[in-house]
Engineer: 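The structure's right below; bear with me while I get my questions together.
Values below: all heavy atoms of this structure, side chains included; hydrogens, waters and symmetry mates excluded. Chain letters run A, B, ... following the sequence lines, proteins first and then strands; every chain starts at 1. Predicted model, so just to flag it, every value in this text is computed and none were measured.
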Amino acid sequence: MFYPLYALASQFSPEPKSSGIEVLEADNFRMNCLQTLTGVKFMVISDPKQSGIDGLLHRIYELYADFALKNPFYSLEMPIRCELFDEHMKSALEHSEKLGISNV
Amino acid sequence: MSRQSMRANDPKKVSGELFTLTYGSLVAQLLKDYENVDDVNRQLERMGYNIGMRLIEDFLARANPGRCYDLRDTADKIQQAFKLYLGVSPSIGSWSPGGDEFSVVMETNPMAEFVELPEHCLGLRYSNILSGVIRGACEMVQLEVMAWFIADQLKGDNMTEIRVKFVKRLEDAIPAGED
């Protein structure tokens, strides 16, 4: 569902050579998206006041490259059911929450 | 044993010898299983392809190289990746006149460090996994290439050389916004 919106956004943008949707802000949440050069998209939905999401997205990319892709039993494009990935994700999220809320 | 004491400081590094031994036993087992050198070459390339498809994300996540705008950029990134993953610094050269082919030239090949090819395996492309890795990695960033060995120190050549040829950009697979 998100992918077509992402693609449309890059077409509709008034600036030439735009990427797709990187940040979507609403009253109650913010969604950040990181698209890799291979087309994989990482999305984080957070509190609008949460900071450090870009760093978090990069960290998640690294965790994906490590615990999903380097697991030979994980097949590409399938849901990630890897315990190590989940554990490390949980710590990365906790870490980001601790550092995160900026009181604007 | 100074090499071992250097390695011991970095807990995440595995000894190069273990890697060479592992790869060697893989090739030896494939030869036993398939008995036919061409099939082994094909399997090695296919395995490399699967590795390349996954390794590219690690390379992008860690080295953050940015998109390539022409084949020379691609060649540079491949050179960077060889340094990062194999610890060798290959040179890039022998560009074709049309700029669509180049060579990755290694003076040493860590995968084949202690190897001698026996008489009956002279058709074996021992490090063919590397050709597959290049092909798989490039395909994930929407570049179709062919990669193959044109010189191998195991066969008496001076250098080990992989030729890479641009086939086409996979326009359909390009992620949105990356035009």
Engineer: May I ask you to decide if Leu37(A)'s main-chain N or O and Gln142(B)'s side chain share a donor-acceptor pair within less than 3.5 Å?
Structural biologist: yes
Engineer: Starting at CG of Leu76(A), measure out to CE of Met140(B) and round the result to the nearest 0.5 Å.
Structural biologist: 5.5 Å
Engineer: Say you draw a straight line from CG of Asp58(B) to OH of Tyr61(A); how long is it, rounded to the nearest 0.5 Å?
Structural biologist: 9.0 Å
Engineer: Got a second to check how far Leu69(A)'s CG is from Ile56(B)'s CD1, nearest 0.5 Å?
Structural biologist: 11.0 Å
Engineer: Which pair of heavy atoms, one from Glu62(A) and one from Arg62(B), lies closest together, and at what distance?
Structural biologist: O-NH2, 4.3 Å
Engineer: Kindly work out whether a path of hydrophobic side-chain contacts (I/L/V/M/F/W/Y, heavy atoms less than 4.5 Å apart) joins Val105(B) to Leu71(B).
Structural biologist: no
Engineer: Linking I/L/V/M/F/W/Y whenever any side-chain heavy atoms sit under 4.5 Å apart, do Ile162(B) and Leu84(B) land together?
Structural biologist: yes
Engineer: Are Val133(B) and Trp148(B) connected in a single hydrophobic cluster, I mean Ile/Leu/Val/Met/Phe/Trp/Tyr linked by side-chain heavy atoms less than 4.5 Å apart?
Structural biologist: no
Engineer: Give a yes or no on this: more than 12 heavy atoms of other residues, nucleotides or ligands lie within 6.0 Å of atom CD of Glu83(A).
Structural biologist: no
Engineer: With the 4.5 Å side-chain cut-off for hydrophobic clustering, are Met78(A) and Phe85(A) part of the same group?
Structural biologist: yes
Engineer: Could you walk me through whether Arg54(B) and Asn71(A) pass the side-chain contact (heavy atoms from CB on, under 4.5 Å) test, one step at a time?
Structural biologist: CA-CA 10 Å; Arg54(B) 293 172 179 245; Asn71(A) 181 346; 5.5 Å; no
